[in-house]
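Comments concern the structure below.
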2 protein chains.
Amino acid sequence: MKTTIYDVAKASGVSIATVSKVINNSGRIGEKTKKKVLETINELNYHPNMIATALTGKSTFSIGLLIPDLANPFFAELARSVEDRAHELGYNLVICSTDYNPAKEMKYIDLLKRKNVDGIIFASGFEQLDKIEELNESLPIAVVARDFPSSNVNTVSFDDYLGGFKATSHLIELGHEKIALIGRDVWSNRERKRGYEDAMHKNDLNYKFRFEYIEESNVEWGKYMAGKYMTSEDPPTAIVACNDLLASGSIQAVKEYGLSVPDDVSVVGFDNTIIATLTDPLLTTIAQPIKSMGKHVMDLMSNEIENNVTDKSRITLIPKLVTRGSTKQVKKRIVQS
Amino acid sequence: MKTTIYDVAKASGVSIATVSKVINNSGRIGEKTKKKVLETINELNYHPNMIATALTGKSTFSIGLLIPDLANPFFAELARSVEDRAHELGYNLVICSTDYNPAKEMKYIDLLKRKNVDGIIFASGFEQLDKIEELNESLPIAVVARDFPSSNVNTVSFDDYLGGFKATSHLIELGHEKIALIGRDVWSNRERKRGYEDAMHKNDLNYKFRFEYIEESNVEWGKYMAGKYMTSEDPPTAIVACNDLLASGSIQAVKEYGLSVPDDVSVVGFDNTIIATLTDPLLTTIAQPIKSMGKHVMDLMSNEIENNVTDKSRITLIPKLVTRGSTKQVKKRIVQS
DNA sequence: CTGAAAGCGCTAACAA
DNA sequence: TTGTTAGCGCTTTCAG
C-alpha cells in the first residue's frame, strides 16, 4: 500500500491534521513537531496524493491544452513552450488534438472538465467562440495564437493582419507585383489575407489570380495550389504561404516546373518553425514568437488560477520578418521591343 | 455549484447508491428507475466527477507519456499516435518533455505518480532502465521506440540494429564503399551503429573515418559533423544519419561544399518523419511505423490496466527502407591512368 | 499549538 | 431491487 497521511501521523506521533498543516505550511505548528513530522515524511518517502487533495476543492495542477494537431510542427513547438512554462509553475499539461473537429473539441472539453482541470488553453484553430465565452464563466480559460476581439477572455495573440502585411510588403519592396497567396480558411489566415490585400492596394497593385482557400495546411496542398498558380495564364513571381509547410510545398512546386526559388519565384512562409531551416533555399518567413506565446499564456492562466485574478488581458505579439534565402529581388522584366 | 450525484438522487427520488449503479451499469436495477435516473441525469446535465471516482480506487483514465522533446518532429508524431489511440480508449495523455535530463525525468515520474496516473509510457531516450524496472512493480509501465532486452516490461520496439543494417546495405548495393555514420550516443543509435558495422564487415568494407558521437540530434549537429567528414582526407560518398533532422543537416553540408546530393554524396536518414518530405532532394530514410507503434503501446497499456493482465509483451516492429531522391548509384571511380 | 470530526463526490459491501 | 453506511486521502473549521 502507498503510504498515506495516516502513516506519517502515526509514525510521528501526531494527528493527521498536524501533518496536513506542516505539509501546507498552514496554521501554527511548533518548531519541534514540524521538524519531527518533516523527518518522518522523508523517512517514509511520503508524497501527498493529489487526487485526494483535489477532492477537497483545491487545484488539480493539471491544465488542458486543445490544439488542432500535435503532429504539425508549429503546434508541437507551441505545445512544448506551453509545457515548459507549465512545468516551471508546477502544472501538468493534458494535450488534446482536435483536428479542427467540433465534435472532438466538445468531447475533450467535457472530459477535461470532468477531470477538474484548473483551466483550459485553446490554441488557434478553435472556431467555436461562443463555446469559449460560455466556458469562460465557469473555468479559467485562455486563448493562444488566435485573436479574439471584443471578448472577455485571456488571450495571447499574434498580429496576423500585420504579418500578412509585412510578408507582402517585403515582396513588394523586392519589386514583386504578381504576388499570390495560399492558405486554409481559418480566422488567422483571413486576417493574413486582409494584410496581404491592404499591402497590395496601398501600392496600387492589383494582381489578378484565382484565389481560393485550400483544405488542409500541409505540404501537398501547398504544392498543389502553387502548381495551379504557376500554370495559370499570368503566373506570380512571388508567393505568400500561410505557414511553413505550405511554403515548403510551394518551393517544391516551383522547382517542379523547372524554375528556381528565389531566382524566378520568391516564397515567404509563416511561423518560422523548424521547417524554415530545412527547405532549400532556407525559408524567408514571418516569425511567430512561439516561446514567448507559450510563456505568456501560461502566466495568464496561472495568474487567474492562483490569484483569482478576474481581470482578463489581451497580449498581442508582433510579427517579425526573418529573411533567409527564399526571397530575392524580382527579375528584371524583359523589355519587349 | 456543480451538480453532484446527490442532486441526481434527490431529483429522481432514489438513493445515491442507485444512481451510482445506473451510471456504472452495475448491480441490478429496475428498468423503470433506471430510465428515470437516466432522464434526470440528462436534465441536470450531470457528469460524474472523475476525481471522486478515482479516489475510491478506480482508474483516473490519465496516462503519462515521457518523451525527450515534444518539439522534435519524430516525438511529436509519436505522441500524436499514442494520443489518438489513448483517446479512442477513453484515456487522456499527460505529456512531459524530459530533454534527456534525468533530474527532470525523476521529477515528472514523481508528479505523475502523485496524480495517480493509470500508467506511464516511456519513449526512447530514457536511459534509467533500473528505474523503469523498479516502477514496473508498482504501476503499469510500457516502453516505446526503445528495446529493453531481457526485462519484464511491456515494450514496443523498433529493430534499430536491422535499421542500421538496411540503411547501410542499401548504400552498399548502390556501390558505395565509403559510408560514414552520424548519431548521438543513445541506445538506439548504438544499435544502429552495430547494424552499420555488420553490414560493412559483411561486405568486407573497411572505411576508416573518425567517427564520434555528436551531442544533439538536430540540424546543426548534422551539418557540422557531415561538414567535418566532407573535409577529411578521405571523404565519404554516402552518409547514414541517425534521424531525419541529422540527414537534413548533412544534405545542407554537402551542398555547402559545392557537391550534389545524390550525385556526389548519398544520404539516408532515419524515422521517415515529415522532414523526409521537405528536404531537397526528398530523403531516402528508414521508416519507423510511428502510427503502429503508438497504437500497439497504448493497447498493451490498456490491457494491463483494464484486464489486469500481468503477462508482459514485447512487440518488435520491422524497419522499412523508403527510397526517395537522396540516394543514388555511386559515381564511377575515375580510373587514374 | 494540536487534535477530533465533518466533508469533498463517489463506490461497494452489506442489509433490508 | 433499492438503500444505508463506511471508507478513499486529504483539508479545514472548531474545540481544547
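Naming: A, B, ... by sequence-line order, numbering from 1 per chain. What you are looking at is a predicted structure, and each value in this text was computed from that prediction instead of being measured. Just the heavy atoms: all of them, side chains too, but no hydrogens, waters or symmetry mates, feed the values below.
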message: Whole angstroms only, please: what is the NZ-P distance between A:K32 and C:dT2?
response: 10 Å

message: With a cut-off of less than 4.0 Å, is there a side-chain N or O of B:Y6 near OP1 or OP2 of D:dG3?
response: no

- line: Here the distance between atom C1' of C:dC10 and atom CG of B:N116, to the nearest Å, is 15 Å

query: Base, sugar-phosphate, or nothing for A:T4, non-hydrogen atoms under 4.0 angstrom?
result: sugar-phosphate

task: Using only side-chain N and O atoms of A:N49, determine if any of them is under 4.0 Å from OP1 or OP2 of D:dC8.
output: no

query: With respect to the side chain of A:V14, which nucleotide from C:dG3, C:dG9, D:dT2 is positioned closest?
result: C:dG3

statement: In whole angstroms, the gap separating P of C:dT2 from CG of A:N25 amounts to 14 Å

query: What nucleotide among C:dC1, D:dG9, C:dT2 has an atom nearest to a side-chain atom of A:I5?
result: D:dG9

message: We want to know whether B:S59 and B:D118 form a side-chain donor-acceptor pair, criterion being a heavy-atom distance below 3.5 angstrom.
response: yes

- prompt: What's the closest nucleotide to the A:L55 side chain, out of D:dG3, C:dG9, C:dT2?
  reply: C:dG9

message: What contact category does A:K21 fall into here, base, sugar-phosphate, or nothing, at under 4.0 angstrom with non-hydrogen atoms?
response: base

message: Using whole Å, what does the distance between atom C1' of nucleotide D:dT1 and atom NZ of B:K34 come to?
response: 13 Å

statement: Side-chain contact check for B:A52: nearest option of C:dC10, C:dA5, D:dC10 is C:dC10

Stepwise side chain to side chain contact (heavy atoms under 4.5 Å, CB included) test for A:E83 and B:C96: CA-CA 8 Å; A:E83 192 208 330; B:C96 303; 4.3 Å; yes

message: When you measure from the side-chain N and O atoms of A:T18 to the phosphate of C:dT2, is any distance below 4.0 Å, counting only OP1 and OP2?
response: no

- prompt: D:dT11, C:dC8, C:dC10: which one has an atom nearest the side-chain heavy atoms of A:S20?
  reply: D:dT11

- prompt: Salt-bridged, B:E134 to B:K131, with N to O below 4.0 Å?
  reply: yes

- request: Remember a base hit wins even if backbone is also touched, and classify A:I16 as base, sugar-phosphate or nothing at under 4.0 Å, heavy atoms.
  value: base

- prompt: Does B:T56 have a side-chain nitrogen or oxygen under 4.0 Å from the phosphate oxygens OP1 or OP2 of D:dG7?
  reply: no

- request: Return the value, rounded to whole Å, for the distance between atom NZ of A:K115 and atom P of C:dG9.
  value: 19 Å

- prompt: Within the pair A:S15 and C:dA4, is there a side-chain N or O less than 4.0 Å away from OP1 or OP2?
  reply: no

- prompt: Would you say the side-chain atoms of A:N49 pair up with the backbone N or O of A:I51, donor to acceptor, closer than 3.5 Å?
  reply: yes

- prompt: On DNA chain C, nearest-nucleotide positions of A:T33 versus B:I23: which is more 5'?
  reply: A:T33

Touch class at under 4.0 angstrom, heavy-atom based, for A:S26 against every strand present: nothing

query: How far does CD1 of A:I121 sit from CG of A:L112, to the nearest 0.5 angstrom?
result: 11.5 Å

query: What is the distance, rounded to the nearest whole Å, between atom CG of B:N24 and atom C1' of C:dT11?
result: 8 Å

task: Rounded off to whole Å, could you give me the CZ-to-C1' distance for the A:R114 and C:dG9 pair?
output: 13 Å

message: Tell me whether B:K113 contacts the main-chain N or O of B:L135 through its side chain, where contact means a donor paired with an acceptor under 3.5 Å.
response: no

query: Between C:dG3 atom P and A:R28 atom CZ, what is the distance in whole Å?
result: 16 Å

